[in-house]
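Every chain is numbered from 1 and lettered A, B, ... according to where its sequence line falls, protein lines coming before strand lines.
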Amino acid sequence: MANTIYITTAIAYVNAPPHIGHALEFIQADAIARYQRLLGRKVYFQTGTDENSLNTVRAAERAGVPIERFVEENAERFKALKELQGLSYDGFIRTTESRHVEGAQKLWRACRSGDLYQKVYKGLYCVGCENFLTDKDLVDGRCSSHQTIPEPVEEQNYFFRLSAYRDRLHDLIASDRLRIVPVTRKNELMSFIASGLEDFSVSRSCERARRWGVPVPGDGSQIMYVWFDALSNYITGLGYAGHDALFDFWWVKNSNILHVIGKDIIRFHALYWPAMLLSAGLNLPREIFVHGFVTSGGTKMSKTLGNVIDPETTIRKYGIDPVRYFLLREIPATEDGDFSYERLEKRYNAELANSLGNLLNRSVSMVERYQYGILRRALPGAEPSLQPAATAVVRDYQSAMDAYELHSATAIVWQLINSANLFIQENKPWELSKNPNRQQELEHVLYEVCEALRLVSVLLWPIIPGTAEKIWRQVGMSEPLEEQQLAVAATWGLLPDGTKVQKSEIIFPRLEVSKS
RNA sequence: GCCGGUGUAGCUCAGGUGGUUAGAGCGAAGGUCUCAUAAUCCUUAGGUCCGUGGUUCGAGUCCACGCACCGGCACCA
C-alpha cells in the first residue's frame with residue numbers, strides 16, 4: 001500500500017457557526033489521519049471553509065455585517081476548532097483566498113474544450129428566495145417559503161458536460177478504483193448513474209450571485225456555481241494555481257487521496273468532482289468515506305426544536321477527549337447516531353472513569369506503593385501474561401481501523417482495558433505484596449499491566465490523543481508518543497526494565513450523574 | 001411510485017456457507033475483594049429472534065407475501 005495519504009474534510013459553510021455535526025466529521029477525519037501516521041505513513045490533512053455561496057451573502061445581510069467581515073469572523077471560528085477539538089490538520093483553505101480563486105479559474109480553463117458550454121436555463125425564479133425553484137419547492141404553484149407566485153426567468157449559464165462521463169464514472173466506481181465507503185452508498189450511486197446523468201450548470205449570472213464568488217474566466221457576466229468552486233479546494237489548497245511542490249507531491253504523484261464527507265454531498269464528490277478532474281486531465285481521488293449525521297434526542301437538530309448541540313459549550317463542559325470518545329464510540333462511523341448528554345455521561349463514567357481511568361490509577365498506585373514506582377521486567381515469556389490478549393486486540397483494532405470502522409476499533413481497545421482489570425483481580429498484587437517470597441510474581445504482574453497500558457495509549461492516540469499522552473507519561477514513557485509507529489510500538493515488552501512510573505492526576509474524575 | 005436497507009433481552013447491538021439449552025456491552029438486583037475514582041471482579045435477565053405461510057429431518061439464519069421504520073431517486077452544503 002502507498003506510503004502517503006492525503007486526507008480532506010468537506011470545507012465548512014460559514015453562514016452559521018459550527019455544530020456537532022461538523023465536529024463529528026473533523027474528529028473522524030482527524031482520527032483517520034492520526035491512525036495513518038501511527039502506521040508510519042506520511043499524511044497531509046486539509047480542511048477549510050466554503051465562503052462563496054449566496055447563502056453566505058444573505059446571512060451576512062441578515063446579520064447586518066459587511067460580507068467580507070462576516071466570512072472573516074466565521075472562518076476564524078472554524079480555524080479555532082483546531083485547538084478546541086485537538087485536530088491535527090496540516091492545511092486550511094478558505095475559498096476567498098486568492099490562491100483558491102486563481103486555482104478554481106485555472107481548473108475551469110483546464111477543462112477539456114467542449115465540456116463547458118453555454119446554455120439558456122429557464123426556470124421559475126422566486127424573488128424572495130433569490131433563487132430558482134424546483135417542483136418540490138412549490139405548493140400549488142407558489143413558493144413554499146414565501147407563498148408568492150414565482151416568475152419564469154431565462155438566464156444564459158455555463159453547463160458542464162457530465163453526461164459525457166457517464167461510462168467512465170460507472171467503471172471507476174464499479175471497479176472500486178474510486179472506492180466508496182460504505183458499500184451501500186456505492187450501490188446508491190450505481191443506481192443513480194444507471195438512471196442517467198445530466199449536465200449540470202456551473203455558473204450563475206453576476207446579478208443572481210450578488211457579484212460574490214469566483215468570476216468565470218473570460219466572461220465578466222458570470223460567477224462560478226459554488227460547487228465547481230468549492231470542490232476545487234482539494235487542489236487549490238495544495239497550490240494548484242502555481243503548481244507548487246505540495247500540489248505535485250500530494251495530488252499529482254500521490255495515488256492515495258481520501259475525501260471524508262457527509263452523506264448529503266456524495267453526488268458532488270463521487271460524480272461531479274471526478275468528472276471535472278477527468279476533464280482537466282488531473283489525478284483522481286482514491287476513496288470517499290461517507291459518514292452519517294448526528295441527531296439529538298432521536299431527531300434531526302433544528303433551532304425550532306431547540307435540540308441543537310453546540311460543540312464549543314459541550315467541549316468546555318466535558319473536555320475534548322470525552323467528546324471525541326463519545327462521537328467516535330457511540331456513533332457508527334458510516335451511519336446516523338444520536339447525541340445525548342445522558343449517554344455521554346454514562347459512557348464517561350462507565351468506560352472512561354471506571355474502566356480506563358481507574359485502571360491507570362490503581363496500577364500506577366500499586367507500583368508506587370509496593371515497588372517505589374519502579375517497574376521490573378521479568379524474563380520474556382513469564383506467565384501469566386496479557387500478551388495474548390494484547391496481540392489479538394492489536395490485530396482486530398487494525399482491521400477495524402483499516403475499514404474505517406472507528407466505533408468498532410474504539411470498542412476493541414476496551415477489550416484490552418477490561419482484560420487488564422480482570423488480570424489484576426485474578427492475580428491479586430495486594431496479596432503478593434504481603435509475601436516477600438513472591439516479590440518477583442508481584443513485579444511481573446504489575447509490569448504486565450503497565451505494559452498493557454502503554455499499548456492502550458498507543459492505540460488510543462488516534463481516538464483521544466490528549467488522554468493517550470497522559471497514560472503514556474504515567475507509565476513512565478518519555479519519548480514522543482506522536483512519533484510512535486504501530487508496527488514497532490505494538491511489540492510486547494517495550495517498557496524498559498527499571499522504568500519509573502509517573503503517577504499524576506486522575507485522568508477522568510467521575511461525574512455526578514445528572515438525573516433526567 | 002421505483003430501487004435498496006433494517007426490524008434479535010429495558011437500551012445499544014453481535015449473530016460466515018441453516019443444526020444440540022439464541023450471545024455481548026450498558027442499565028437493574030445480589031454478592032466478593034480492598035490496589036484503586038463507593039472503582040474492580042463474580043452471579044443473575046428466561047427475550048413470540050416484526051408477522052404469516054413455505055422449503056427442510058432441522059431456520060433468527062433460505063424463499064414468498066405482509067407490516068413498521070430508514071436511506072436513495074440531480075443542481076439541495
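Among the atoms of the strands shown, base atoms are found under 4.0 Å from some heavy atom of Ile506(A). Among the protein residues, Phe508(A) comes within range of the nucleic acid bases, having at least one heavy atom under 4.0 Å from a base atom. Ser195(A) comes within 4.0 angstrom of nothing in the nucleic acid, heavy atoms only. At a threshold of 4.0 angstrom between heavy atoms, the contacts of Tyr272(A) include nucleobase atoms, whether or not backbone atoms are also involved. Trp227(A) comes within contact range of the sugar-phosphate backbone alone, with a heavy-atom separation under 4.0 Å but no base atom that close. Note on Asp50(A): nothing from the nucleic acid sits closer than 4.0 angstrom, heavy atoms only. The residue Gly292(A) sits apart from the nucleic acid: no heavy atom pair falls under 4.0 Å. If you check every strand for non-hydrogen atoms under 4.0 Å, Leu197(A) touches a base. Counting any heavy atom pair closer than 4.0 Å across all strands shown, Arg343(A) reaches sugar-phosphate atoms only and no base atom.
Taking a pair to require two hydrogen-bonding distances under 3.5 Å in either a Watson-Crick or a G-U wobble arrangement, G18(B) remains unpaired. Base pairing analysis places C62(B) opposite G54(B); the two distances defining the Watson-Crick or G-U wobble pair are each below 3.5 Å. Pair assignment for A74(B): none, as no Watson-Crick or G-U wobble contacts are both less than 3.5 Å. The partner of A24(B) is U12(B), judged by Watson-Crick or G-U wobble contacts that both fall below 3.5 Å. Both distances falling under 3.5 Å, in either a Watson-Crick or a G-U wobble arrangement, occur for no nucleotide opposite C33(B). For A45(B), there is no paired base (Watson-Crick or G-U wobble, both distances below 3.5 Å).
Nearest-nucleotide assignment on RNA chain B puts the 5′-proximal partner with Gly357(A), out of Gly357(A) and His22(A). Nearer the 5' end of RNA chain B, as judged by each residue's closest nucleotide, is the contact made by Arg369(A), out of Asp199(A) and Arg369(A).
For Phe293(A) and C70(B), the CZ to P distance is 16 Å, given to the nearest whole Å. Here G72(B) presents its C1' atom at 10 Å from NZ of Lys263(A), a figure rounded to the nearest Å. The CD-C1' distance, from Glu426(A) to U40(B), rounds to 12 Å in whole Å. For Arg267(A) and C75(B), the CZ to P distance is 7 Å, given to the nearest whole Å.
Between Asn55(A) and A77(B) there is a side-chain polar atom (N or O) within less than 4.0 angstrom of OP1 or OP2. Regarding contacts with the backbone of A39(B), a side-chain N or O of Arg510(A) is found under 4.0 angstrom from either OP1 or OP2.
With Tyr117(A) as the aromatic partner, Arg161(A) meets the cation-pi criteria of under 6.0 angstrom to the ring centre and within 45 degrees of the ring axis.
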Annotated protein contacts, base or backbone, on nucleotides 2-10 of chain B with a non-hydrogen cut-off under 4.0 Å, one of B, S, - each: ---------
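Between the base of A39(B) and the side chain of Asn354(A) there is no donor-acceptor pair shorter than 3.5 Å.
A salt bridge links Arg185(A) with Glu188(A): the closest approach of a Lys/Arg side-chain nitrogen to an acidic carboxylate oxygen falls below 4.0 angstrom.
The stretch residues 430-445 of chain A touches RNA chain B through Trp430(A), each having a heavy atom within less than 4.0 Å of the strand.
One P atom belongs to C2(B), the other to A14(B), and the distance between them is 29 Å to the nearest Å. Look at the P atom in both A77(B) and C41(B): the space between them is 49 Å, to the nearest Å.
Environment of CD in Glu73(A): crowded, with over 12 heavy atoms of neighbouring residues, nucleotides or ligands closer than 6.0 Å.
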